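One structure below.
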Amino acid sequence: MSFKKLCRSTVIAVYLLILVGGVVRSTGSGMGCPDWPKCFGQWVPPTSIEQLPENYKEISLAHREKKNARFVNYLTALGFEETAKKIMEDPAVKLEEDFNPVKTWIEYLNRVVGVVIGFMIFAVFISSLKFWKEKKSITLIAFLAFVLVGFEGWIGSVVVSTNLTPWVITVHMFLALVIVALLIYLMMYKESMVQIYSPAIFWLTIVSIMVLLVQILLGTQVREAIDVVSNSFPRNSWIANLGAEFFIHRSFSWLVFGVNAALFWMMYKTTVFKPFSLPLILLILGTVLSGVGMAYAGVPAVLQPIHLVLATVTFGILFIIFLRVGIKIKTH
């Protein structure tokens with residue numbers, strides 16, 4: 001397999017992991033396995049509660065508390081004493097869920113996919129060694145992607161140990177986008193070396209990426225608010241009980257749509273970028289419509305992962321456009 005095809009396959013696999021992660025989130029399966037890397041202390045998850053000891057909750061809590069103590073020490077050493085204190089004092093962190101075999105296996109599938117991607121990114125790094133003499137940065141970026149996927153796995157374990165602490169999930173999410181960007185850069189290596197000068201598309205692409213990232217961040221705030229109201233209200237009334245974060249997220253979507261509609265029109269009029277224009281606008285429309293569907297249909301679980309994947313694939317398309325557009329440098 002060529003280096004480009006390997007990178008492309010790995011990018012697709014990462015998006016599959018994002019989709020599976022969205023399913024984990026929408027089904028409430030994040031704590032299906034309360035420990036990491038094992039699941040209830042086993043490499044192969046249990047299928048019934050009879051396979052677990054009677055005090056499995058106490059065992060899981062003790063395991064998570066040890067990991068949280070180490071994480072709090074890291075945060076304190078980095079100067080985040082207040083954040084560390086909140087984690088230690090938050091009673092929600094110490095809650096243990098009842099065993100649910102369906103949720104357990106959904107979360108386990110998420111971990112298996114993550115491990116496979118780890119091996120794929122390692123293969124990308126090994127394959128990148130052939131570029132060391134030609135362009136060292138390619139090998140270094142591939143190595144960085146491999147290091148980050150390991151760090152992403154560790155952050156995933158912290159997500160579990162802290163009982164789905166919202167800001168940790170947000171870090172987990174944005175780190176996945178960084179890995180996607182690095183892999184796309186590697187995939188586009190030869191193509192991005194031949195850039196097309198189009199300053200208008202270049203700067204509008206940057207604006208599009210920025211507003212999309214802000215919108216994704218606002219979406220994480222909505223997700224955190226839903227986590228709160230989901231404990232007190234039925235699913236079909238979650239949206240009605242959200243605060244300002246939902247209305248800001250909804251209103252900001254008009255800016256995202258407007259900026260990308262302008263970018264679509266600019267690219268549609270060109271020969272080189274016309275093929276990217278239709279997928280981009282369809283992804284934006286799909287993201288907006290899936291968000292509308294969640295708002296007016298009671299946040300159906302099936303739309304949550306779709307909404308997430310569409311937004312992250314849009315980021316990938318925009319990053320590819322960014323790599324293909326150049327700025328003319330004046331020389332004297």
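Quick caveat, the model's predicted, so the values are computed rather than measured.
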Check for a donor-acceptor pair, side chain of Y15 on one end and backbone N or O of T312 on the other, with a separation under 3.5 Å. yes
F257 and W254 aromatic ring geometry - parallel, tilted or perpendicular at 30°/60° bounds: perpendicular
Would you say L278 and L283 are hydrophobically clustered, going by side-chain heavy atoms of ILVMFWY under 4.5 Å? yes
S26 side chain to V23 backbone, donor-acceptor under 3.5 Å: yes
What heavy-atom pair brings F319 and A181 nearest, and what distance separates the two atoms? CE2-O, 3.2 Å
Heavy-atom closest pair (L182 atom, I141 atom, distance to 0.1 Å) is CD2-CG2, 3.8 Å
Measure the spacing between CD1 of I12 and SG of C7 and express it to the nearest 0.5 Å. 11.5 Å
Closest non-hydrogen atoms of H249 and Q215, given as atom of the first, atom of the second and distance, are O-NE2, 3.0 Å
State plainly whether one hydrophobic cluster holds both I321 and I281, where clusters connect Ile, Leu, Val, Met, Phe, Trp and Tyr through side-chain heavy atoms under 4.5 angstrom apart. yes
Is atom OH of Y268 surrounded by more than 12 heavy atoms (other residues, nucleotides or ligands) closer than 6.0 Å? no
Find the distance between CG (L217) and OG1 (T220) and round it off to the nearest 0.5 Å. 4.5 Å
In the single-linkage hydrophobic clustering (I, L, V, M, F, W, Y; side-chain heavy atoms under 4.5 Å), do I138 and V178 co-cluster? yes
Taking atom CZ as the centre, does F119 end up with more than 12 heavy-atom neighbours from other residues, nucleotides or ligands that are less than 6.0 angstrom away? no
Same cluster (ILVMFWY, side-chain, under 4.5 Å), I206 and V214: yes
Check the surroundings of atom CZ in F143: do more than 12 heavy atoms from other residues, nucleotides or ligands lie under 6.0 Å from it? no
Please determine whether the number of non-hydrogen atoms from other residues, nucleotides or ligands lying under 6.0 Å from atom NZ of K136 exceeds 12. yes
For a quick test of reading the model, state the closest non-hydrogen atom pair linking P279 to P275 and the distance between them. CD-O, 3.1 Å
Does W154, at its CH2 atom, have more than 12 non-hydrogen atoms belonging to other residues, nucleotides or ligands within less than 6.0 Å? yes
Between Q42 and C39, is there a donor-acceptor pair closer than 3.5 Å when you use the side chain of the first and the backbone of the second? no
Nearest atoms (heavy-atom pairs only) where L255 meets V211: CD2-CG1, 4.2 Å
On a heavy-atom basis, which atom in I201 and which in T205 lie closest, and how many Å separate them? O-OG1, 2.6 Å
Can you say whether the rings of F146 and F122 are parallel (under 30°), tilted (30 to 60°) or perpendicular (over 60°)? tilted
Measure from the side-chain N and O atoms of T104 to the backbone N and O of G32, and report whether any donor-acceptor pair falls under 3.5 Å. yes
So how far is it from K57 NZ to D98 CG, rounded to the nearest 0.5 Å? 3.5 Å
With a 3.5 Å distance limit and no angle check, can you tell me whether D35 reaches the backbone of S60 through a side-chain donor-acceptor pair? no
Look at the side-chain heavy atoms of Ile, Leu, Val, Met, Phe, Trp and Tyr, link any pair under 4.5 Å apart, and say whether F276 and W203 land in one connected group. yes
